[in-house]
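Throughout, numbering of the chain's residues begins at 1 and tracks the sequence.
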Amino acid sequence: MTCRVQVSDTTEEAVRQAAEAIVRILRDAIEERGWASLALAGGRTPRPLYLQLAQSPYRTAVRWECIEWFWSDERPVPPDHPDSNYRLAVETLFSRITPPASRIHRLLTELDPREAARLYEATIRRVFGVDPTGIPRFDLILLGMGADGHIASLFLGTAALEEQQRLVVANEVPQLQATRLTFTPPLLRAARAILVLVTGEEKAPAVRDALEGPMDPKRLPAHLLRQVDGQVLWILDRAAASQLVSHRESCGSSQPNADLA
């Protein structure tokens, strides 16, 4: 794997850097294979990023109609609910770039969570043409990270962290008193590229631990990103990066990062 860290002075600049990276990765994938696969993130952090992608020059920089759209996690709420990650993408991005509906693959959150997870895994395998034992390779998975170090809906102490076969699961999260639908570690590890956008001073301790702490995904789920086969790009604003002791070319490495020189 390769892992790079880019630090921007402001949140707005971090969002622009993320939008440029997304465009570059997707254009390369489409040029190489004729289509691209993208898993969107949820939560509050992606909203300005999706709004950025919906504006010029990004809106016309990618053949959005060639992308298969997925979500790396979702809340078990109806698709029109204010907390729905799908609704967030519709309101901020799809309403402006209008990709074909047949290429938008939302989690069927109106179903029982376990059935929704099973069907989503089946959809992923169908789109990628992967048999029941194979692991698809997403061209790009977008992630944020919580102040507790969770990624997607892989939270500390939850069963999904131990999953080694399924691609999508309904994950019981006791600390939230809720169930979340989430990609699993095997699917994240297989990605060609993962982009992690983290902003805000409240996440600085988790950023430091994720990039410089001892490897232990059971303690900090974000450490799973050190096991990714492809590229991992962390894009941080200055506040989120404020507690980093040294900037690293590889996750867990002691080499300096040229991007931060």
If you look at every heavy atom in [X] and [Y], which pair is closest and at what distance?
X	Y	result
H223	P214	CE1-O, 2.9 Å
V62	I30	CG1-CD1, 4.0 Å
D80	R87	O-NH1, 2.6 Å
E110	P79	OE1-CD, 4.3 Å
A21	L195	CB-CD1, 3.7 Å
C66	G34	CB-O, 4.0 Å

Short question: side chain of Y50, backbone of F94 - any donor-acceptor pair under 3.5 Å?
no
Does A41 offer a backbone N or O that forms a donor-acceptor pair with the side chain of N85 under 3.5 Å?
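Judged by distance alone, no pair lies under 3.5 Å.
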Using a cut-off of 6.0 Å, state whether more than 12 heavy atoms not belonging to [X] lie near its atom [atom1].
X	atom1	answer
R208	CZ	yes
E13	CD	yes
Q164	CD	yes

Could you please spell out the steps behind the side-chain contact (heavy atoms from CB on, under 4.5 Å) verdict for Q243 and E201?
CA-CA 9 Å; Q243 294 191 24; E201 187 175 6; 6.0 Å; no
When hydrophobic residues are tied together by side-chain contacts of less than 4.5 Å, even through go-betweens, does [X] share a cluster with [Y]?
X	Y	value
L156	L224	no
V127	I67	yes
L140	L88	yes
I135	V169	no

Under the side-chain hydrogen bond (donor to acceptor under 3.5 Å, both in side chains) criterion, do T182 and D73 qualify, and how do the steps go?
CA-CA 4 Å; T182 185; D73 74 323; 5.6 Å; no
Would you please name every residue forming a side-chain contact (heavy atoms from CB on, under 4.5 Å) with R114, sequence neighbours left out?
D112, A170, E172
Quick one: does L51's side chain get under 4.5 Å of V15's, heavy atoms only?
no
Among side-chain atoms of D237 and S8, is any donor-acceptor pair under 3.5 angstrom?
no
Between [Y] and [X], does any NZ, NE, NH1 or NH2 come within less than 4.0 Å of an OD or OE carboxylate oxygen?
X	Y	result
R238	D9	yes
D139	R192	yes
E121	R125	yes
E20	R16	no
D229	R137	no

Determine whether the aromatic ring centres of residues W71 and F183 are separated by less than 6.0 angstrom.
no
Measure from the ring center of F138 to the ring center of F128 and say whether it is less than 6.0 Å.
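Yes, they do, as the ring centres are separated by less than 6.0 Å.
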Please report the C-alpha distance between L143 and I194 in whole Å, then the side-chain angles of each, then the deciding distance to 0.1 Å, and finally whether the side-chain contact (heavy atoms from CB on, under 4.5 Å) criterion is met.
CA-CA 7 Å; L143 295 174; I194 291 181; 3.7 Å; yes
Can you tell me how far apart [atom1] ([X]) and [atom2] ([Y]) are? Round to the nearest 0.5 Å.
X	Y	atom1	atom2	result
R189	L225	CZ	CG	11.0 Å
I97	R63	CD1	CZ	14.0 Å
S102	E68	OG	CD	7.0 Å

With sequence neighbours excluded, tell me which residues meet ring-ring contact (aromatic ring centres under 6.0 Å, His included) with Y58.
none
